[in-house]
Amino acid sequence: MTHHPVTTALAVLSALVACGPAIGDEPVGSLAKAFAGKYRIGVAISTGLVTNPRPAADALIRHQFNSATPENLLKWENVHPDKDRYDFGPADRFVAFGKENDLFLVGHTLVWHSQTPAWVFESAPGVPATREQLLTTMRDHIYNVAGRYAGQIGGWDVVNEALNDDGTLRDSPWRRIIGDDYLEFAFKYAQEADPAAELYYNDYSMHLAAKRDGAVRLVDKLKQAGCRVDAIGMQSHYGMGHPQASEVEASIEALAEAAGKVAITELDINVLPWPSNIAGADVGQSAAASPRLNPYRDGLPAAKQAELAERYAMFFRLYNHHADVIDRVTFWGLDDGRSWHNGWPVRGRTAHSLLFDRSLAPKPAFDAVLRTATETP
Ligand code: 9MR
């Protein structure tokens, strides 16, 4: 099928109106501007958008967001794949993009059990590193990565996902080799690498009471040990039926009390059916594909769009109510086509988790979120 040139031109124009800065009679509002008095609005940027930039996506980011987190390119396996080799190319481009567009940049992440090459935990292939060796590896990595971007990356997820859902410390190689105090070293090295950067502890399922209590204990302990923790990150990978607003609210309050500030660091709402064997956001889990698990291949029906919009609005009303302790709300991806939910926990699904659809047009959820910025409580 060929497209009539006028139809094509109109489609291009309407896409520009939808996602670009004010063009035409009804400019699309800007999340960053609408929430400017409350908190920053961030977006996770995929590596593809950095290595293969798309003008329409760049324009959308510029118009809608004032903060950005690299979705993958600063993870250990990407930035420091071998002991003596760093790959700073994509990260340098991400930082340059942030500077050009005046975005507050968040580094994700320095110390995590996942996406970390095996060599980090070994002194020779198959031989576990000693505590001293692993501390040296951790320090060098943090100094080289956070140090390189000192003054440019404004805050770091220093440690990611150190807790089990019951609030105890995860049995990661970091903990097994160094001991429970590995987090203290991570925060200390990060502060030394860039004394001006904000330092965060970041985790998923933080609405769970036991995990929230564990995070409070963890941050209290870090502070007693003399570490600075500027905010606790609640990743916020949500579904349509869970969690309850009351659970999220209780965590915002408790975590803000412990750290002073909370950041919503990886927000998305998955409308797809949830495989029965999966819980939380642990990237190590997976489930088999089936048509039943991929019901919206051809688009999200209007009733579901409205439900998603209302659920997003509900969370933003909560964030607005607690805006005094919320530093930032970051969406985990720019648009539905780029959401990690297309590939996890089931491969090859059609996700609808974000505020912009696959053509970068704003969805009803976008309008609903934007409206909350000016609602009277
Ligand atoms: O969205 C990320 C996906 O592209 C990666 O394949 C995956 C593994 O690195 O990580 C995803 O991001 C995760 C984030 O780094 C930590 N919290 C959970 C996120 C979703 O899995």
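Here the structure is a predicted model, which means the values were calculated and not measured. Just so you know, ligand 1 is whichever comes first in the structure, and atom 1 is the first atom listed for that ligand.
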Q: Flag yes if more than 12 heavy atoms outside R347 fall under 6.0 Å of its CZ atom; otherwise flag no.
A: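 For R347, atom CZ is not crowded (no more than 12 foreign heavy atoms under 6.0 Å).
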Only heavy atoms of [X], strictly under 4.0 Å: list the atoms of ligand 1 that pass.
X    : result
W340 : 1 (O), 20 (C), 21 (O)
N160 : 16 (C)
Q235 : 16 (C), 17 (N), 18 (C)
E161 : 16 (C), 17 (N), 18 (C)

Q.
Tell me the nearest of E77, H237, K75 to atom 13 (C) of ligand 1, using heavy-atom distances.
A.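 Checking each option, the heavy atom nearest atom 13 (C) of ligand 1 is found in K75.
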Q: Apply the test side chain to side chain contact (heavy atoms under 4.5 Å, CB included) to residues R148 and F88: give CA-CA distance (whole Å), side-chain angles for both, the deciding distance (0.1 Å), then the verdict.
A: CA-CA 9 Å; R148 182 180 183 90; F88 287 121; 3.4 Å; yes
Q | Heteroatom proximity flag, W112 to ligand 1, N/O under 3.5 Å | A |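 No: no nitrogen or oxygen of W112 is under 3.5 Å from one in ligand 1.
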Going by an N to O cut-off under 4.0 Å, is there a salt bridge joining [X] and [Y]?
X    : Y    : answer
D324 : K38  : no
E192 : K188 : yes
D140 : K83  : no

Q | Axial cation check for Y204 ring with K211, 6.0 Å and 45° limits | A |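 Judged by the rule, K211 and Y204 form a cation-pi pair.
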Q: For ligand 1, note which part of Y204 has a heavy atom under 4.0 Å away: side chain, backbone, both or neither.
A: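 Within the 4.0 Å criterion, Y204 makes no contact with ligand 1.
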Q | Proximity flag W344 to ligand 1, non-hydrogen atoms under 4.0 Å | A |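 W344 does not count as a contact of ligand 1 under the 4.0 Å cut-off.
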